[in-house]
Protein chains: 2
Amino acid sequence: MFTLAEENYLKNIYHLQTENSEGVSTNLIAESLQTKPSSVTDMVKKLAAKNMLLHKPYKGVSLTEKGKKVASNIIRKHRLWEVFLVEKLNFQWDEVHEIAEQLEHIQSDELIKRMDAFLDFPDFDPHGDPIPDENGNIKVTEKKLLSELKKNQRGVIVGVKESGSDFLKFLDKRKINIGTKIKVLGKEFFDGSMIIQVRNEQFFISKKIAKNLFIQISEHV
Amino acid sequence: MFTLAEENYLKNIYHLQTENSEGVSTNLIAESLQTKPSSVTDMVKKLAAKNMLLHKPYKGVSLTEKGKKVASNIIRKHRLWEVFLVEKLNFQWDEVHEIAEQLEHIQSDELIKRMDAFLDFPDFDPHGDPIPDENGNIKVTEKKLLSELKKNQRGVIVGVKESGSDFLKFLDKRKINIGTKIKVLGKEFFDGSMIIQVRNEQFFISKKIAKNLFIQISEHV
DNA sequence: AAATTATTTTAGTTTAGTCTAAAAAAATAA
DNA sequence: TTATTTTTTTAGACTAAACTAAAATAATTT
């Protein structure tokens, strides 16, 4: 149905669209896909002809409903595969992206259906990003940055903002993962640092780290 | 390292080479890959330039050691994925080929290493075909056709000769799989049919079926 | 051994996806 | 509002992998 290049364009445009709200520019797509704006123009024409997106020349592009569905399905596959790699094959969560980048293009609805069941229908990938369902719907949770929490608030780590390899390793060393429960023990005003409790241990968390962790706040405590 | 097309050529040539012993002809490759002989000539030149095979124009081609290694690694991946699909995702063994055909091209040595361990280092795929190791070595077992067995001989089904969908469904209906133990209870001379015992049941097996099942004969019985 | 047939290669096109360089349009500054 | 800069598109060319049609070579038959 779609070539590899087409799928990658759709996926990237989808991401850019959710980040930028307005119509996505040719230059932005080119940058995100590591290619040239002229190449983008060509591909955008092709995808517009397939009714995957609307293209007003010199204005931006925006995905059609069809286009969004195709794109979110690729993202669904990517994130399900990431769960598989971490949960079943014991990869670290910072090692799985490249491989999922390939696996997301495998074409088989049945495979994804069974993989989803095999993984017990996860809602989030190992980085805390939501996994769209078959219709492209995403489970939204109200998440705050750790830095916004107050003393004595509790919650569960549900995601990271920017997942650089160094950062992921920092967390991994301390066995801090998606799903890890935390409690804020104290906060310093002068540098924004925090002390948090994780299991039986206490960790010092710099402002930089605290601004990079998404927390789902526990309601009843 | 290799394009998808290159990998498919190498894999097919490998199979043709083991089946035909002599140098593999352009026409044969074309037929096996559902393409035209002229296209094969082009690709063969490319692969010869990459030292994957030897090509004497108008004579056949033969894979180099390097080429064999690359090819057997693709086959290794294909068969490991088939095991995964059947053992972990509960696919029927006649449903997995198409999907494995895609998955065999995923590039990640680490992934395959972990998948191998996850599957507990299988030696055979769900069709009974041997899974090459990392060096391309294959575990050879002495297998006979069911039709060659004598009365009262026992063995384990280790493979099928030609795996048409109808045939696989026939077996599946009777819960006859790779690994199923059988015993020959009787043989009819006039039509070559057999009665075999499988678990507590007895099955009538026509000559056609008996000539399509590979059996590893049990030594101590 | 010459003629015929089959196989393989060459030559020239085609398509998808990319590129560079130049032109066109829009946005911004003077 | 005109000039300048930025962004986007067009035009033309390239590569990988396929194709068709024709030429070249090898194999087979008479």
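Proteins come first, then strands; the chains are lettered A, B, ... in the order of their sequence lines, and each starts at number 1. As the structure is a computational prediction, the values presented were derived from the model and not from experiment.
For the pair A/Tyr9 OH and C/dA16 P, the interatomic distance rounds to 14 Å; values are reported in whole Å. One atom, NZ of A/Lys56, and another, P of D/dT7, lie 20 Å apart when rounded to the nearest Å. The interatomic distance linking B/Leu4 (CG) with C/dA16 (C1') rounds to 15 Å, in whole Å. Distance B/Leu33 CG to D/dC19 P: 10 Å, rounded to the nearest Å. Rounded to an integer number of Å, the gap from CG of A/Asp42 to P of D/dT8 is 15 Å. In this structure, CE of B/Met43 is placed 16 Å from P of C/dT10, rounded to the nearest angstrom.
Among the heavy atoms of the strands lying under 4.0 Å from A/Ser38 is at least one base atom, whether or not backbone atoms are also near. Looking at heavy-atom distances under 4.0 Å, A/Thr26 makes contact with sugar-phosphate atoms alone, never a base.
OP1 or OP2 of C/dA6 has not a single side-chain nitrogen or oxygen of B/Asn27 nearer than 4.0 Å. Between B/Thr41 and C/dT8 there is no side-chain N or O to OP1 or OP2 distance below 4.0 Å. Distances shorter than 4.0 Å separate none of the side-chain N or O atoms of B/His55 from OP1 or OP2 on C/dT8. Between B/Lys45 and C/dT10 there is a side-chain polar atom (N or O) within less than 4.0 angstrom of OP1 or OP2.
The aromatic rings of B/Phe118 and B/Phe84 sit tilted relative to each other, their planes meeting at an angle between 30° and 60°.
You'll find that the side chain of B/Ala5 is closest to D/dA18, out of D/dT9, D/dA18, C/dT18. Nearest nucleotide to the A/Lys36 side chain, out of C/dC19, D/dC19, D/dT9: C/dC19.
Annotation: A/Lys211, atom NZ; neighbour count of heavy atoms from other residues, nucleotides and ligands within 6.0 Å does not exceed 12.
Residue whose closest nucleotide on DNA chain C sits further toward the 5' end, between A/Thr3 and B/Ser39: B/Ser39.
A salt bridge (charged side-chain N to carboxylate O under 4.0 Å, His left out) with B/Lys139 holds for exactly one of B/Asp123, B/Asp125, B/Asp133, B/Asp129; it is B/Asp123.
Here the side chain of B/Thr64 pairs a donor or acceptor atom with the backbone of B/Met52 at under 3.5 angstrom.
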Check the pair B/Glu188 / B/Lys207 against salt bridge (charged side-chain N to carboxylate O under 4.0 Å, His left out), numbers first and verdict last. CA-CA 9 Å; B/Glu188 287 295 344; B/Lys207 187 179 184 179; over 6 Å; no
What does nucleotides 22-29 of chain C look like as a protein-contact string, B for base, S for sugar-phosphate only, - for none, at under 4.0 angstrom between heavy atoms? --BSS---
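Of the nucleotides present, D/dT9 is the one that pairs with C/dA22 by Watson-Crick or G-U wobble criteria, both distances under 3.5 Å.
Because its NZ or CZ atom is both nearer than 6.0 Å to the ring centre of B/Phe91 and within 45° of the ring axis, A/Arg114 counts as a cation-pi partner of that residue.
The pair B/Lys113-B/Glu134 fails the salt-bridge criterion, with no side-chain N (NZ, NE, NH1 or NH2) lying under 4.0 Å from an Asp/Glu carboxylate O.
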